There are 2 protein chains.
Amino acid sequence: MSPIKILLADDQQLIRDALGALLSLQADIEVAGSCGRGDQVLDLARQTQPDVVLLDIDMPGMDGISVAQQLKEQHLPCRSLIVTTFGRPGYLARALEAGASGFVVKDTPASQLAEAIRKIHAGLRVVDPQLAAESFAVGPSPLTDREKQVLQAAKDGASIVTLAAQLHLSQGTVRNHLSSSIAKLNAENRYDAAHRAEENGWL
Amino acid sequence: MSPIKILLADDQQLIRDALGALLSLQADIEVAGSCGRGDQVLDLARQTQPDVVLLDIDMPGMDGISVAQQLKEQHLPCRSLIVTTFGRPGYLARALEAGASGFVVKDTPASQLAEAIRKIHAGLRVVDPQLAAESFAVGPSPLTDREKQVLQAAKDGASIVTLAAQLHLSQGTVRNHLSSSIAKLNAENRYDAAHRAEENGWL
DNA sequence: TGCAGACCGTGACAAATGTCAGGGGCAGGT
DNA sequence: ACCTGCCCCTGACATTTGTCACGGTCTGCA
């Protein structure tokens with residue numbers, strides 16, 4: 001039987017190298033390539049024809065979930081597995097919608113990662129069980145697109161005028177969006193709201 | 001020559017396992033143990049007597065910098081190397097003050113990590129050059145202890161009354177500390193200030 | 001066609017926040 | 001003994017922010 005060819009995408013080179021070393025120890029897994037930018041994955045996948053692509057979420061160029069979606073849409077003959085630091089419910093939901101075949105956090109034991117890759121290669125789906133439960137408990141995002149945008153922009157501590165300028169909106173509108181976000185998330189203020197939304201992976 | 005014995009401390013098990021696999025490939029390096037909590041490192045170091053301890057900063061129980069300090073203070077016969085995701089100038093300064101022998105970010109190539117371990121074992125210091133430059137450019141933290149505390153507490157979006165209660169201070173005092181922090185950091189408001197302070201590793 | 005929901009904007013109000021000018025206490029250094 | 005710097009508190013003030021009520025546009029759906 002030929003080995004499972006995988007591709008590694010993570011923005012930290014040490015992690016790429018380390019995961020590569022780890023997975024190469026498995027007799028039935030072969031690392032076909034790796035890169036540190038989301039927008040390089042597609043080209044690399046076309047060149048190397050991997051069976052499974054391991055994707056981090058936080059990457060420059062393009063985030064891992066979008067990459068999974070692109071791989072799906074462009075009918076690349078591979079499946080994707082999200083491997084991320086942050087077990088945020090919203091990420092899981094979005095990843096599955098985007099067509100990812102699996103979702104594990106970076107805190108799982110190495111043996112389970114290899115197992116996950118095999119399962120995905122076999123056509124199964126793999127989802128971190130604890131995260132799945134959390135995801136159901138939290139439910140879907142209550143935020144509208146605009147609210148997401150303003151929270152996204154507010155997260156770093158910009159003032160209203162800055163936000164309004166950035167989004168080409170009036171100050172009043174920005175404040176209304178923020179106000180409704182705050183209400184929906186039971187937050188104390190917009191920063192609290194941005195914080196909570198981010199924790200759930202809704203940004 | 002006997003191999004260099006190392007200890008791995010990182011909160012994410014997959015990273016521990018992967019780094020272990022990676023470093024075990026080096027003929028002159030041997031992984032003596034690993035753990036995921038800062039407050040377990042000391043005991044483990046006493047048991048396993050490693051030459052070099054690789055420490056992540058973000059860990060439950062105790063952060064990696066404090067662990068390095070403890071190792072130093074208790075005269076354990078080992079040196080410590082901080083291996084972190086975040087290349088923040090303030091972290092570097094604090095790590096060196098705490099007695100760490102090296103500081104690298106997680107996106108250095110694997111070969112350099114092994115080299116860093118060898119150098120540290122040989123008694124040299126290893127510091128990410130780019131980060132060192134940044135550290136000089138940024139300079140030391142301008143914040144007083146109290147200012148650090150209030151920014152720390154403000155970071156997650158709590159209101160003033162909540163902050164005041166947490167720190168057992170009056171609201172006016174909290175606002176004064178925040179105000180001076182904002183001024184020192186050229187920030188727009190306290191969240192912006194907290195954000196900037198965190199980017200520099202001053203929290 | 002009408003309705004609901006999301007979007008954009010305005011204006012007004014109350015509350016929270018940032019700023020400033022004080023005052024006093026307590027440590028460390030000259 | 002004096003000064004300086006940091007801490008703690010107070011009170012007053014202007015600005016920012018959060019909330020609300022309102023009117024308008026557009027889209028999708030029944």
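Treat the numbers as computed from the prediction; the structure is a model and nothing was measured. So that the names make sense, note that chain A is the first sequence line, chain B the second, and so on, each numbered from 1.
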Between [N] and [X], is there an OP1 or OP2 to side-chain N/O distance shorter than 4.0 Å?
X	N	value
Arg146(B)	dC6(D)	no
Arg175(B)	dT19(C)	no
His177(A)	dA6(C)	no
Thr173(A)	dC7(C)	no
Ser170(B)	dC8(D)	no
Thr144(A)	dC7(C)	yes
Ser159(B)	dA16(C)	no

Given the structure, check if the side chain of Asn176(B) and the base of dC7(D) hold any donor-acceptor pair shorter than 3.5 Å.
no
Please report, rounded to the nearest Å, how far the [atom2] atom of [N] is from the [atom1] atom of [X].
X	N	atom1	atom2	result
Arg190(B)	dT16(D)	CZ	P	15 Å
Asp145(B)	dC7(D)	CG	C1'	11 Å
Leu143(A)	dG5(C)	CG	P	17 Å
Ile160(B)	dT19(C)	CD1	P	11 Å
Asp192(B)	dT17(C)	CG	C1'	15 Å
Leu163(B)	dC9(D)	CG	C1'	17 Å
Glu147(A)	dA6(C)	CD	P	8 Å
Gln149(B)	dC7(D)	CD	C1'	11 Å

Can you tell me how far apart CG (Leu143(B)) and CG (Leu203(B)) are? Round to the nearest 0.5 Å.
7.5 Å
Does Ser179(B) or His168(A) map to a spot on DNA chain C nearer the 5' end, using the closest nucleotide for each?
His168(A)
I need the full list of ring-ring contact (aromatic ring centres under 6.0 Å, His included) pairs touching residues 162-203 of chain B, with sequence neighbours left out, sorted by first then second residue.
Tyr191(A)-Tyr191(B)
Side-chain ion pair, Glu115(A) and Arg118(A), N-O less than 4.0 Å:
yes
So do the side chains of Val105(B) and Tyr91(B) get within less than 4.5 Å of each other, counting heavy atoms only?
no
Between the main-chain N or O of Gln12(B) and the side-chain N or O of Lys106(A), is there a donor-acceptor pair closer than 3.5 Å?
no
